[in-house]
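Note sheet for the following structure.
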Amino acid sequence: MAAVVADQALDNSNVSSIKSLADSQALNSVPSAYAFNINPNDEADPNDPEFAIPIVDMSLLTSGSPDERAKIIRDLVKICQEWGFFIAINHGVPESLMKGMIDACHGFFSLPDEEKKEFKSGNDVLEMFKYGTSYNLALDKVLLWRDFFKVRTHPEFFSLYKPASFSETSLEFSRRSRQVALEITRAISESLGLEPDYIYNTMNMDRGLQLLAGNYYPPCPQPEHAIGIPHHTDHGLVTLLIQNEMNGLQVEHNGKWLTVNGPKNGFFVNLADQMQILTNGKYKSVMHRATVNNKATRISIAIPHGPSVDTIIAPAPELCEREGQAPKYLAMNYKEYIQLQQSGKNYMKSTFDHIRA
């Protein structure tokens, strides 16, 4: 009977937003369209030293001694090979700005559905902005327990125009977080034995794609039977992420899923697909997902950074030659890669399978 009630609530909502569905008084179980089972045996023990998440002190990269910077860069080799993920602290972005960005996102998701629908668009990630629920209602085999927006903020800056404070806050947050991302790519370049600006120049990051993606995960009556975002890798070079006080991001490490818990003013940093391609598989694009809870709303903001959309990405010849390896991946235009990743045939599958040399 509970499932019938839940499915009736889903029908009445017309899947306009998960927020309106979750706010329904009739909802006491997960509607069948959202059913997704998580195996608790696949989850890591956060107290096991094997799953201690790496932390990178950005201040040692930007203002530390030469020896301190050199140590961080050496550490990044192991982190990028074994994890593809770390938490950046002392990065210089004010905590007040990070909180302001979370508050601005909350303000947007709190708007009436009719106002949020003004930002609806197609499924092209390169549009100025888009708003929706799940991911692609035409393709998704399981609907996702989240609402989202995505805004393109570089090379041209666009913004949601509601709520009133959003544009000013997102402009400053996007600018400051970009500085962090570029400092990270410089350090990664050095960790590979390349010039600091190698990735920036080769990937044409002066006109690189940067997005601002807000996710809203309301409380779920049966969190073990729903998913915020299923397992995936990101299509760019590096993604930064912040969240409110609720956890939910999980990364895959050594065959287990680890819930990420870190300082509230830290950036969660994950390497993405173009970094794995550029390094010929030496560095890892980390698999991750977003789980939900039954206690409180989680808001996360992801800031993906990638090459310019017209850049053709292939394994770096300098690295292949030095390692004595043939390229493991075929060269591909970044825009085409994004379209391939988000096509129906790649639903919850690895895009790498299509470009292996």
Side-chain angles (χ1 to χ4, degrees), residues 80 84-88 91 93 98 101-102 105 121 123-132 135-136 146 148-160 170-171 173-185 188 199-200 203-216 228-243 249 251 260 266-278 283-290 299-311 313 332-342 346 350-352:
C80 294
F85 182 86
F86 59 90
I87 299 174
H91 43 68
V93 180
M98 299 170 78
M101 193 69 253
I102 293 282
C105 289
S121 60
N123 290 309
D124 185 353
V125 73
L126 300 179
E127 294 186 72
M128 292 183 296
F129 48 68
K130 61 186 294 189
Y131 159 75
Y135 168 64
N136 184 336
R146 66 125 186 199
F148 74 92
F149 69 77
K150 291 184 180 178
V151 185
R152 184 154 46 95
T153 58
H154 194 273
E156 297 174 278
F157 175 79
F158 297 97
S159 175
L160 307 179
S170 65
L171 175 61
F173 179 76
S174 297
R175 185 183 70 83
R176 296 292 294 267
S177 59
R178 180 171 180 77
Q179 292 173 350
V180 177
L182 294 182
E183 189 61 48
I184 289 170
T185 60
I188 290 175
I199 293 175
Y200 183 89
M203 298 289 99
N204 300 307
M205 292 189 76
D206 57 322
R207 46 193 174 85
L209 179 66
Q210 179 179 336
L211 303 173
L212 180 74
N215 297 294
Y216 182 96
I229 306 178
H231 60 273
H232 67 286
T233 58
D234 293 347
H235 54 68
L237 286 161
V238 61
T239 300
L240 275 57
L241 183 137
I242 64 173
Q243 63 182 15
L249 174 66
V251 297
V260 178
F267 275 112
F268 299 159
V269 181
N270 67 268
L271 303 192
D273 291 0
Q274 305 313 311
M275 191 69 78
Q276 180 166 325
I277 294 168
L278 183 67
Y283 286 176
K284 175 182 178 182
S285 178
V286 67
M287 189 73 72
H288 55 289
R289 67 186 184 186
I299 291 177
S300 72
I301 302 170
I303 315 99
H305 299 263
S308 68
V309 294
D310 60 350
T311 297
I313 295 92
M332 180 174 278
N333 171 282
Y334 182 38
K335 182 177 180 179
E336 292 176 357
Y337 186 93
I338 295 172
Q339 292 168 336
L340 175 63
Q341 188 203 49
Q342 302 195 352
N346 274 328
S350 172
T351 313
F352 292 125

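Leu249 places a side-chain heavy atom less than 4.5 Å from the side chain of Phe268. Looking at Thr153 and Phe158, their side chains never come closer than 4.5 Å, going by heavy atoms from C-beta outward. The shortest side-chain heavy-atom distance between Leu237 and His305 does not fall under the 4.5 Å cut-off. In this structure, the side chains of Phe157 and Leu171 come closer than 4.5 Å at one or more pairs of heavy atoms. Between Leu211 and Ile303, the closest side-chain pair of non-hydrogen atoms is not below 4.5 Å. Two residues are said to be in side-chain contact when any heavy atoms from C-beta on lie closer than 4.5 Å; Pro307 and Gln274 meet this criterion. Taking 4.5 Å as the limit, every side-chain heavy atom of Ile87 sits out of range of all side-chain heavy atoms of Val269. Between Asn270 and Val251, the closest side-chain pair of non-hydrogen atoms is not below 4.5 Å.
Partners of Tyr283 under the side chain to side chain donor-acceptor pair (under 3.5 Å) rule, at least two apart in sequence or in another chain, are Ser191. In this view, Thr311 and Asn204, Ser308 satisfy the side chain to side chain donor-acceptor pair (under 3.5 Å) rule, not counting sequence neighbours. Annotation: ring-ring contact (aromatic ring centres under 6.0 Å, His included) contacts of Tyr131 (sequence neighbours excluded): Phe108. Every residue meeting the side chain to side chain donor-acceptor pair (under 3.5 Å) condition with Gln243, not counting sequence neighbours, appears here in chain and number order: Asn247, Arg298. In terms of the side chain to side chain donor-acceptor pair (under 3.5 Å) criterion, residue partners of Asn215 (sequence neighbours excluded) are, by chain and number, Arg146, Ser300. Taking the ring-ring contact (aromatic ring centres under 6.0 Å, His included) definition, one finds that Phe129 meets it with Phe119, sequence neighbours left out.
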Query raised in the report: Where do Met203 and Tyr334 land on the side-chain contact (heavy atoms from CB on, under 4.5 Å) test, with the steps shown first?
Result: CA-CA 10 Å; Met203 298 289 99; Tyr334 182 38; over 6 Å; no
Query raised in the report: Please walk me through it: do Tyr200 and Asp206 pass side chain to side chain donor-acceptor pair (under 3.5 Å)?
Result: CA-CA 7 Å; Tyr200 183 89; Asp206 57 322; 5.2 Å; no
Requested in this report: Evaluate the side-chain contact (heavy atoms from CB on, under 4.5 Å) criterion for residues Phe352 and Ile277: first the C-alpha distance (whole Å), next the side-chain angles of each, then the deciding distance (0.1 Å), finally the verdict.
Outcome: CA-CA 9 Å; Phe352 292 125; Ile277 294 168; 3.8 Å; yes
Report task. List the steps and the verdict of ring pair (Phe, Tyr, Trp, His ring centres under 6.0 Å) for His232 and His288. Result -> CA-CA 6 Å; His232 67 286; His288 55 289; 4.2 Å; yes
Query raised in the report: Between Ile188 and Cys80, does a side-chain contact (heavy atoms from CB on, under 4.5 Å) hold up when you go through it step by step?
Result: CA-CA 8 Å; Ile188 290 175; Cys80 294; 4.3 Å; yes
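To the nearest 0.5 Å, the span separating CG on Leu271 from OG on Ser285 amounts to 7.5 Å. Note that the CD1 atom of Ile313 and the NE2 atom of His235 stand 11.5 Å from one another [nearest 0.5 Å]. Here OG of Ser177 is found 7.5 Å from CG of Leu212. Values are rounded to the nearest 0.5 Å. Going from atom CD1 of Ile199 over to atom OG1 of Thr185 covers 6.0 Å, rounded to the nearest 0.5 Å. Rounded to the nearest 0.5 angstrom, Leu340 CG and Gln342 CD are separated by 10.0 Å. The structure places CD1 of Ile301 at 3.5 Å from SG of Cys105, a figure rounded to the nearest 0.5 Å.
Checking side-chain atoms of His91 against main-chain N and O of Val93 turns up a donor-acceptor pair under 3.5 Å. Judged by distance alone, the side chain of Gln276 and the main-chain N or O of Gly84 form no donor-acceptor pair under 3.5 Å.
Asn333 and Asp310 form no side-chain donor-acceptor contact under 3.5 Å, judged by distance and modelled atom types alone.
Of the options Arg175, Arg178, Arg152, a side-chain hydrogen bond (donor to acceptor under 3.5 Å, both in side chains) to Gln210 is made by Arg178 and by none of the others.
Nearest heavy-atom pair, Ile242 versus Gly266, reported as atom, atom and distance to 0.1 Å: CG2-O, 4.1 Å. Minimum interatomic distance between Ala272 and Gly236 (heavy atoms only, all atoms of both residues): CB-O, 3.1 Å.
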